[in-house]
Asks: 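Shown below is the structure under consideration.
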Amino acid sequence: MDFVKAKAFTAKDVDHGKTTLTQTLSGRWADTHSEEIKRGITIRLGYADTIFYKCPKCKDPECYGSKNKCPNCKSKTEEIRKVSFVDAPGHETLMATMLSGSAIMDAALLLVAANEKCPQPQTREHLTALDISGIKNIIIIQNKIDLVSKEELLENYKQIKEFVKGTIAEKAPIIPISAQHNINIDFLIKTIVEEFKTPKRDLKKDPILLIARSFDVNKPGSEIENLIGGVLGGALKQGVFKIKDKIEIKPGIKEKDKWFAITTEITGLKTGNVDLKEATPGGSIGVLTKLDPSIVKADSLIGSLAGHQGKLPEVWDELNLKPHLLERVVGSKDELTVEKLKKGENVMLNVNSAATLGTIIELKKDLIHINLKIPVCADKKDRVTISRLIGSRWRLIGYCEIV
Ligand code: ZN
């Protein structure tokens with residue numbers, strides 16, 4: 001079955017109807033960062049996997065949905081696409097963190113409320129984020145069409161068209177829906193299936209897992225012989241993980257001011273509560289290991305990469321970067337201009353699933369040299385985002401290439 005990951009770029013403070021939409025699409029959306037307890041394993045992830053179905057009998061109109069039975073003719077429907085939704089935070093300080101996750105995103109949904117003037121500040125922010133992330137597969141969803149007149153709907157459509165002109169979303173289809181009243185959801189699903197083709201995954205590449213969580217699943221007081229090894233949560237960026245694979249985790253853990261890579265063996269693989277024999281890119285996975293649970297507890301390995309021993313990218317504790325700064329600070333209320341970087345300035349960098357602070361120690365024409373507080377494991381091709389402390393918050397100001 002095809003598999004696509006889509007990012008739902010929606011605002012939390014401004015209620016564009018994200019929760020209702022994802023509930024309607026997936027039927028079992030857990031709200032962002034809610035605790036999901038399955039088979040004793042607690043996995044906190046802001047995502048939902050769903051399967052889209054198509055009725056083999058209904059032709060005019062074709063019937064798409066998220067149920068295994070056709071709502072029109074009651075036939076058994078066919079599975080056509082599995083989609084994993086990752087929620088994008090509405091909170092601006094999380095924007096850079098979210099962007100670093102776009103390394104594993106294939107597509108994005110930009111949600112706009114038809115009963116509000118477009119763009120709202122956060123819609124603007126999300127579009128900037130999409131521009132930076134380079135995600136080209138975008139569908140714009142015009143939600144809450146039940147709350148406006150036909151004239152208001154067309155006016156809102158014009159505002160959206162004007163807003164996305166000249167951006168990465170310029171050619172994105174705009175689909176009017178009401179998630180609340182289940183209007184046009186079948187057409188939205190059809191559009192997702194047709195517009196978001198499953199990318200070709202290169203399974204021959206060395207596997208790289210972006211670690212987004214790490215945890216101890218044992219209940220307090222468990223007998224030693226019953227202890228389950230540390231679990232890694234995240235997504236494969238490339239390659240295949242199999243049970244019994246010998247893996248390495250970098251940069252790993254810090255002991256007495258030094259960072260150590262960790263090696264272990266995969267003892268199990270899961271997606272949601274389903275056991276896998278092997279895991280491929282697409283959707284979030286849990287990797288069970290032989291690691292001492294105390295090493296992985298409380299997300300201690302967030303930001304590290306896991307891969308086959310000796311096959312991971314380099315670990316950097318300083319970086320030469322070529323920055324590309326934005327014109328305006330993302331998330332600032334007064335549309336602040338991005339000022340030049342300064343020698344001695346502290347910045348936050350996000351790469352893969354890692355966030356690290358750094359100090360600019362050298363500044364040449366188009367290049368900066370940065371000392372990192374926490375080392376990162378990254379390939380030269382990986383996208384690095386750069387944020388600056390403005391007021392009391394880290395604000396995204398651009399992205400960098402590693403040189
Ligand atoms: Zn049917």
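In listed order, ligands and their atoms are each counted from 1.
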Asks: Can you see which heavy atom on Ala354 is nearest to which on Gly303, and at what distance?
Replies: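 Scanning both residues completely, I find the closest heavy atoms to be CB-O, 3.4 Å.
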Asks: Under 2.8 Å from the Zn ion (ligand 1), which protein N, O or S atoms are there? Could you list them by chain and number?
Replies: Cys55 SG, Cys58 SG, Cys70 SG, Cys73 SG
Asks: So, are Lys54 and Glu78 salt-bridged, with charged N and O less than 4.0 Å apart?
Replies: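 Answer for the salt bridge query: no.
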Asks: Side-chain contact, heavy-atom cut-off 4.5 Å: Leu321 with Ile402?
Replies: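 Answer yes - side chains close enough.
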Asks: For a quick test of reading the model, state the closest non-hydrogen atom pair linking Pro313 to Cys377 and the distance between them.
Replies: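 Heavy-atom minimum between the residues: O-SG, 3.3 Å.
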Asks: With heavy-atom distances below 4.5 Å as the criterion, would you say the side chains of Val287 and Val231 are in contact?
Replies: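 Side chain of Val287 against side chain of Val231, heavy atoms only: no contact under 4.5 Å found.
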Asks: Side chains of Leu291 and Ile249: closer than 4.5 Å at any heavy-atom pair?
Replies: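 The answer is yes; the side chains approach within 4.5 Å.
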